[in-house]
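Input: a single structure, listed below in structure tokens.
Treat the numbers as computed from the prediction; the structure is a model and nothing was measured.
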Amino acid sequence: ADAIVVPSHAVAERLADIVDLGDRVRVIGGAASDDLIVPADADERAERLDLPAEYLLTIGTLDPRRGLTDLITGLGLPGSPDIPLLVLGPDTWGELTVASVADEAGLPEGRVRALGVVDDADLAVILDRATLFVHPGRHEGFGLPIIEAFRFGTPVVHSDDPALVEVAGGAGVAVELDGKGYPQRLAAAIGSTLADTSRLDRLAVLAQDRERAFSWRDSAERVWQLHADL
């Protein structure tokens, strides 16, 4: 190949550990869709989706790399914030289901709700009304859900996976992955962030500022420039 495009510097570094491709590797990330906007019928959609007044939101699967089990486990620990968690994405992974993981964590029925896959209009409403977005991923390549949450000024707590730290750019709350106790640290970060309204307000401002750094037009122009360079 004359060039290899990867979505983040974190992936470029991981790739370099495997094979030396020199300056053929180019980093060109993505962005939130321009179609991701709050629709005129947002209230009706929120009612149909039965959105709580306050809730945590995450997007992902039960694949261990996504950290969803860590998040649910953390919310079941003593002293964790008592707030519903909504999960977007497939609710099964092998024999596991979101409901079974929540039950194993000791959470009451309905505390964790799997909404499955939704269209862009519903996604915009859910992201816009979330109290806090959580991205607990253990091994990520980019972190598009963070940018999507940022688009609506939704505060974000995320793991310190290198790709997520790179994408968040300091606009979210990073939680250390390494070592034991990740679910505990995740729950503690969520609790302390929810309890600090001034911090939530500050994160909302930082989120929207950071989201403007990502543009599909910019990404497309960089791909065209790559072709021109070749």
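In this structure, R185 and D178 approach most closely via the heavy-atom pair NH2-O, 2.9 Å.
Remark: side-chain polar atoms of R151 are not paired, donor with acceptor, to backbone N or O of R212 under 3.5 angstrom. Checking side-chain atoms of R210 against main-chain N and O of V205 turns up no donor-acceptor pair under 3.5 Å. The closest donor-acceptor contact from the side chain of D41 to the backbone of E44 lies at 3.5 Å or more, if one exists at all. Not one N or O on the side chain of T131 forms a donor-acceptor pair closer than 3.5 Å with the backbone of L56. One N or O on the side chain of E166 and one on the backbone of H9 form a donor-acceptor pair closer than 3.5 Å. Looking only at distances, no side-chain donor or acceptor of T154 sits under 3.5 Å from a matching main-chain atom of F133. Side chain of Q208 to main chain of F150: no donor-acceptor pair is present (N/O by atom type, distance under 3.5 Å, no hydrogens or angles). The closest donor-acceptor contact from the side chain of Y55 to the backbone of I126 lies under 3.5 Å.
Side chains of D2 and R24 form no contact here, defined as non-hydrogen atoms less than 4.5 Å apart. Looking only at side-chain heavy atoms (C-beta outward), V167 and F214 come within less than 4.5 Å of each other. Side-chain contact check for D91 versus T97: every heavy-atom pair is 4.5 Å or farther apart. For the pair L127 and V125, the minimum side-chain heavy-atom distance is 4.5 Å or more. Proximity of V134 to L57: side-chain heavy atoms (C-beta onward) are nowhere separated by under 4.5 Å.
Note: S215 OG to E221 CD = 7.5 Å, rounded to the nearest 0.5 Å. Annotation: the span from S80 atom OG to L71 atom CG amounts to 10.0 Å, rounded to 0.5 Å. Here R138 contributes atom CZ and L177 contributes atom CG; the two are 5.5 Å apart, rounded to the nearest 0.5 Å.
In the displayed structure, D119 atom CG is contacted under 6.0 Å by more than 12 heavy atoms of other residues, nucleotides or ligands.
For D43, the side-chain hydrogen bond (donor to acceptor under 3.5 Å, both in side chains) criterion is met by R129, not counting sequence neighbours. Residues satisfying the side-chain hydrogen bond (donor to acceptor under 3.5 Å, both in side chains) test with T197, not counting sequence neighbours, are none.
Just one residue in the list L107, D70, D82 forms a side-chain contact (heavy atoms from CB on, under 4.5 Å) with L75, and that residue is L107. Just one of E140, H139, H135 meets the side-chain hydrogen bond (donor to acceptor under 3.5 Å, both in side chains) condition when paired with R66; it is E140.
In this structure, L226 belongs to a hydrophobic cluster whose other members, linked by side-chain heavy atoms under 4.5 Å apart, are V5, I28, V223, L230.
No hydrogens or angles considered: nothing links the side chains of S159 and D161 as a donor-acceptor pair under 3.5 Å.
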